[in-house]
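Residue numbers start from 1 in every chain, and the chains themselves are labelled A, B, ... in the order their sequence lines are given, proteins ahead of strands.
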Protein chains: 2
Amino acid sequence: MQSRSSAARATGRPRSAAADAAILEATRAALVELGWSRLTLGDVAMRAGVAKTTLYRRWAGKNELVVDAVAELFDELELPDSGSLAADIEGVVLQFAAILDRPEAKSGLMAVVAEATRDEALRERVRASIVDRQKRLVLEGRARAQARGELPVEDDPAAAAATVDLIFDMVAGAVVHRTLVSAEPVTEDWARRFAQMLLQGLTNTSPA
Amino acid sequence: MQSRSSAARATGRPRSAAADAAILEATRAALVELGWSRLTLGDVAMRAGVAKTTLYRRWAGKNELVVDAVAELFDELELPDSGSLAADIEGVVLQFAAILDRPEAKSGLMAVVAEATRDEALRERVRASIVDRQKRLVLEGRARAQARGELPVEDDPAAAAATVDLIFDMVAGAVVHRTLVSAEPVTEDWARRFAQMLLQGLTNTSPA
DNA sequence: GTGCTTTCGATACGAGTCGTAGCGTAACGG
DNA sequence: CCGTTACGCTACGACTCGTATCGAAAGCAC
């Protein structure tokens, strides 16, 4: 959202919070029915029972609106404390996949990422609203695994950050690619195989 | 392309092959300058020096056109025979990343994938034109590594296919996510770390 | 060459979307 | 009660879409 800076304007009629919620909900519904390309802001406004001008007063355009609408889907993401690193990975992968499987996430997320390649501000918005929320799970899971002694501790903070980024891109990338590009479902079996592959590596394949 | 079935019509004026090339090239140029959302077919036609009707005669719409235009970028992909699995992986990753780094691939590919989530025919087109071409590299690299004794041979063909799919999603997914979502460059160092992580796994981290 | 067939370039068209402007009304705070 | 801002509504010019139509051009069979 674009919370009117920190010192919010105290005078005048306040913006309807209900309208915000209705608009974002309507955006997701429109994404499900129409997909990204056929989604129009006029249609969203009508679904939300809101004038088109109200919509433009709060969001700069389609891109920003859809980022916010999709970002809310990732609110439910949380790291399950399963007791082992392998189980943690499987749990996060299945959660992430369940969100990506929803049609409003499928069509919206990739389209926004595509637009973000040419728009620095939008890229930053995606990072803050969606990506960072996911990456935090990697940080937490890694810390827990290190506390359990399942993973070695890296002293060099720069190297540690690079490792976290690498793991993040591998986990999130694999799930996204499987779901959206290969268009195959992320089953429990796939998550198990993935976690084992990530932990043991390609060469140490012990048939489950 | 949509080669008029196998038994091509032999009579009448043949379609200009030069126009095909000019249109695809113009599409890539427009992707670079305008990105996906601002790209219009009228503009592409003008750039290619072709009437808009000619364009619509060959492609059903923006989606199909961009798939073909982007697919050509992946023609140069090939598996370098480096002598070791790790080096092969690094080589492919760097090649793939180099293509993804081009702006016409960045903005075009993700947008098409997003549209494909709601269009079965388009999804099949993407698979045939782009995905399968990449997956072949995994198959070849795996076969070579098995011949060298670097990887175990799986007897069950179904399990082997699942493994190939898993590896493919992990490699391609990581590179795509790193490049387009995290928006960070795939350097030689990153490729090296990735290959080691994929081969040795998360637990067997030996600081390079 | 002479037809026949299909493509090509050009133009025009209705339909739909865009983002903005104007205006009167509604909802708050001092 | 009054100033300020949000809201709903309508209308607008500009643009893109995909299609239709037409005469001209290019190849192939004969």
Side-chain angles (χ1 to χ4, degrees), chain A residues 1-27 30-31 33-66 111 115 118-119 121-122, chain B residues 1-27 30-31 33-66 107 111-112 115 118-119 121-122:
Chain A
M1 324 287 166
Q2 52 214 38
S3 57
R4 240 153 318 168
S5 70
S6 48
R9 182 87 65 265
T11 174
R13 175 176 177 175
R15 288 191 177 171
S16 160
D20 265 344
I23 291 173
L24 292 176
E25 179 59 34
T27 303
L31 273 178
E33 288 185 27
L34 307 172
W36 164 268
S37 57
R38 298 184 185 181
L39 179 149
T40 71
L41 294 198
D43 185 67
V44 170
M46 202 181 61
R47 287 171 189 261
V50 163
K52 201 169 54 160
T53 38
T54 298
L55 214 158
Y56 276 102
R57 221 174 271 123
R58 308 185 184 202
W59 283 278
K62 194 168 160 178
N63 293 335
E64 290 76 9
L65 173 61
V66 171
E115 290 301 311
R118 323 206 90 254
D119 185 338
L122 184 62
Chain B
M1 324 292 164
Q2 53 214 37
S3 59
R4 237 155 321 168
S5 72
S6 49
R9 181 89 64 265
T11 175
R13 175 175 177 174
R15 287 189 178 171
S16 159
D20 265 346
I23 291 172
L24 292 175
E25 179 59 36
T27 302
L31 273 178
E33 286 185 28
L34 307 172
W36 164 268
S37 56
R38 299 185 185 181
L39 179 148
T40 72
L41 296 198
D43 184 66
V44 170
M46 203 183 60
R47 287 170 189 261
V50 163
K52 201 170 52 161
T53 37
T54 299
L55 214 156
Y56 276 102
R57 217 174 274 122
R58 308 186 184 200
W59 284 277
K62 195 167 159 177
N63 292 336
E64 290 76 9
L65 174 61
V66 171
S107 44
V112 164
E115 291 301 311
R118 322 207 90 252
D119 184 339
L122 185 61

Counting heavy atoms from C-beta on, name the nucleotide in [options] closest to the side chain of [X].
{"X": "Ala51(B)", "options": "dC7(D), dA10(C), dT16(D)", "answer": "dA10(C)"}
{"X": "Tyr56(A)", "options": "dG8(D), dT20(C), dG27(D)", "answer": "dT20(C)"}
{"X": "Arg15(B)", "options": "dG8(D), dC8(C), dG18(D)", "answer": "dC8(C)"}

Interatomic distance, [X] [atom1] vs [N] [atom2] [rounded to whole Å]:
{"X": "Arg38(A)", "N": "dT16(D)", "atom1": "CZ", "atom2": "P", "value": "20 Å"}
{"X": "Met46(B)", "N": "dA10(C)", "atom1": "CE", "atom2": "C1'", "value": "15 Å"}
{"X": "Lys62(B)", "N": "dC15(D)", "atom1": "NZ", "atom2": "P", "value": "17 Å"}
{"X": "Leu65(A)", "N": "dG19(C)", "atom1": "CG", "atom2": "P", "value": "11 Å"}
{"X": "Trp59(A)", "N": "dG19(C)", "atom1": "CH2", "atom2": "P", "value": "15 Å"}
{"X": "Asp43(B)", "N": "dC17(D)", "atom1": "CG", "atom2": "C1'", "value": "14 Å"}
{"X": "Leu55(A)", "N": "dG8(D)", "atom1": "CG", "atom2": "P", "value": "10 Å"}

Shortest non-hydrogen contact between [X] and [Y], atoms and distance:
{"X": "Leu39(B)", "Y": "Lys62(B)", "value": "O-NZ, 3.0 Å"}
{"X": "Arg15(A)", "Y": "Arg57(A)", "value": "NH2-O, 3.4 Å"}
{"X": "Val44(A)", "Y": "Ile23(A)", "value": "CG1-O, 4.0 Å"}
{"X": "Ser37(B)", "Y": "Glu115(A)", "value": "OG-OE1, 2.9 Å"}

Inset, instruction - With the side chain counted from C-beta on, respond yes when Trp59(A) and Asp20(A) share a heavy-atom pair under 4.5 Å apart, and no when they do not. - result: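 Side-chain contact under 4.5 Å: yes.
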
Report yes or no: is there a donor-acceptor pair, N or O only, under 3.5 Å between the side chain of [X] and the base of [N]?
{"X": "Arg13(B)", "N": "dA25(D)", "result": "yes"}
{"X": "Thr11(A)", "N": "dC28(C)", "result": "no"}
{"X": "Lys52(B)", "N": "dG9(C)", "result": "no"}

Inset, instruction - Examine dG9(C): is either OP1 or OP2 under 4.0 Å from a nitrogen or oxygen in the side chain of Thr53(B)? Give yes or no. - result: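 False: Thr53(B) side-chain N/O out of range (4.0 Å or more) of dG9(C) OP1/OP2.
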
Inset, instruction - Could you check Gly49(B) against Gly42(A) and say which one's nearest nucleotide on DNA chain C is further toward the 5' end? - result: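 Whichever sits nearer the 5' end wins; that is Gly49(B).
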
